[in-house]
Amino acid sequence: MTHTLTTKAVRGGLWAAAAAALLLVGAAPAPATVQESRASDWLYLSVTRGDGGSSDTRGTLLLCEPPQGHRRAAEACAQLDSVGGDISRLPLKQAYCPMVHAPVTVHARGQWRGHAVDYRQTFSNDCVATARTGAVFALDDDEVKEVKEVGESSEPNGRTRPAG
């Protein structure tokens, strides 16, 4: 008889512990929604063309709720979401880029999903930078040429090579 009572007491104690755990889980705050977390996402983006003493730097603040900062902000935010804000993980866009040395340094610093972001990279030219970083650094600038995707004809007066 004693053995039966002990088993019932242990089972009762386990049920009480399980019920208490369920109450705690139910009382936990709901995870943040995409809108709430996107409101705190921001990146200060800068693009510097040239090297050394002569350079041209442009910058903007990229916000994603609502998308603003440059003409392709919505696309940039979607691309950043797909890689958790890690710009170095953006997929390489297959493109033919001119073999012209016109250095471009891109820099992003800020916060994405509660994590600090600090990305800086120098590319040989605008085309390679765009192929590597997508829409993120597409600041409003008439001088920035669209990337020629693989399969499109290249410029008749310049040599081209795949980006990478």
Side-chain angles (χ1 to χ4, degrees), residues 24-25 27-164:
L24 287 174
V25 170
T33 63
V34 170
Q35 274 191 333
E36 291 171 337
S37 62
R38 285 191 89 168
S40 65
D41 293 345
W42 64 274
L43 292 177
Y44 181 75
L45 307 172
S46 65
V47 176
T48 303
R49 289 178 179 81
D51 54 359
S54 65
S55 62
D56 173 31
T57 300
R58 298 180 186 204
T60 191
L61 181 64
L62 176 67
L63 301 172
C64 291
E65 198 53 51
Q68 55 187 322
H70 61 69
R71 63 188 164 90
R72 294 173 62 193
E75 186 181 353
C77 291
Q79 290 174 353
L80 287 165
D81 276 341
S82 72
V83 294
D86 185 353
I87 298 169
S88 65
R89 290 183 40 222
L90 287 169
L92 171 65
K93 183 176 184 179
Q94 293 297 317
Y96 287 108
C97 293
M99 294 176 61
V100 174
H101 183 71
V104 176
T105 300
V106 297
H107 186 202
R109 64 183 175 277
Q111 178 176 301
W112 198 267
R113 301 287 186 260
H115 299 287
V117 173
D118 191 5
Y119 173 86
R120 180 185 300 267
Q121 185 68 44
T122 300
F123 299 99
S124 60
N125 59 48
D126 282 321
C127 179
V128 176
T130 301
R132 294 298 241 163
T133 63
V136 175
F137 293 96
L139 306 185
D140 289 333
D141 186 355
D142 294 333
E143 295 176 18
V144 176
K145 306 289 188 275
E146 291 299 316
V147 173
K148 293 238 181 244
E149 293 198 33
V150 173
E152 291 183 20
S153 63
S154 63
E155 297 292 324
N157 59 349
R159 297 185 325 179
T160 59
R161 64 180 168 89

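Residue numbers count from 1 along this sequence.
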**Report entry** Candidate pair Arg120 and Asp118, rule salt bridge (charged side-chain N to carboxylate O under 4.0 Å, His left out), full reasoning
**Finding:** CA-CA 7 Å; Arg120 180 185 300 267; Asp118 191 5; 5.8 Å; no
Query raised in the report: Stepwise, does the side-chain contact (heavy atoms from CB on, under 4.5 Å) test hold for Arg49 with Asp126?
Result: CA-CA 8 Å; Arg49 289 178 179 81; Asp126 282 321; 3.2 Å; yes
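The backbone N or O of Val83 sits less than 3.5 Å from a side-chain atom of Arg89, completing a donor-acceptor pair. Using modelled atom types, one side-chain atom of Asn125 and one backbone atom of Pro98 make a donor-acceptor pair closer than 3.5 Å. Not a single donor-acceptor pair under 3.5 Å links the side chain of Asp41 to the backbone N or O of Trp112.
The shortest distance between side-chain heavy atoms of Arg132 and Ile87 does not fall below 4.5 Å. Side-chain contact between Phe137 and Val104: absent, with no pair of heavy atoms (C-beta onward) separated by less than 4.5 Å. The closest side-chain heavy-atom distance from Leu43 to Tyr119 is not below 4.5 Å.
Pairing each heavy atom of Val136 with each of Gln79, the nearest pair is N-OE1, 4.0 Å. The two atoms that bring Leu62 and Ala76 nearest to each other are CD2-CB, 4.2 Å, heavy atoms only. Closest of all the heavy-atom pairs between Leu45 and Ala108 is CD2-CB, 3.6 Å. Shortest non-hydrogen contact noted between Ala135 and Arg72 is CB-NH2, 3.6 Å.
Separating the CD atom in Gln68 from the SG atom in Cys77 is a distance of 9.0 Å, to the nearest 0.5 Å.
Under the side chain to side chain contact (heavy atoms under 4.5 Å, CB included) criterion, Ser46 pairs with Tyr44, Thr57, His107, sequence neighbours left out.
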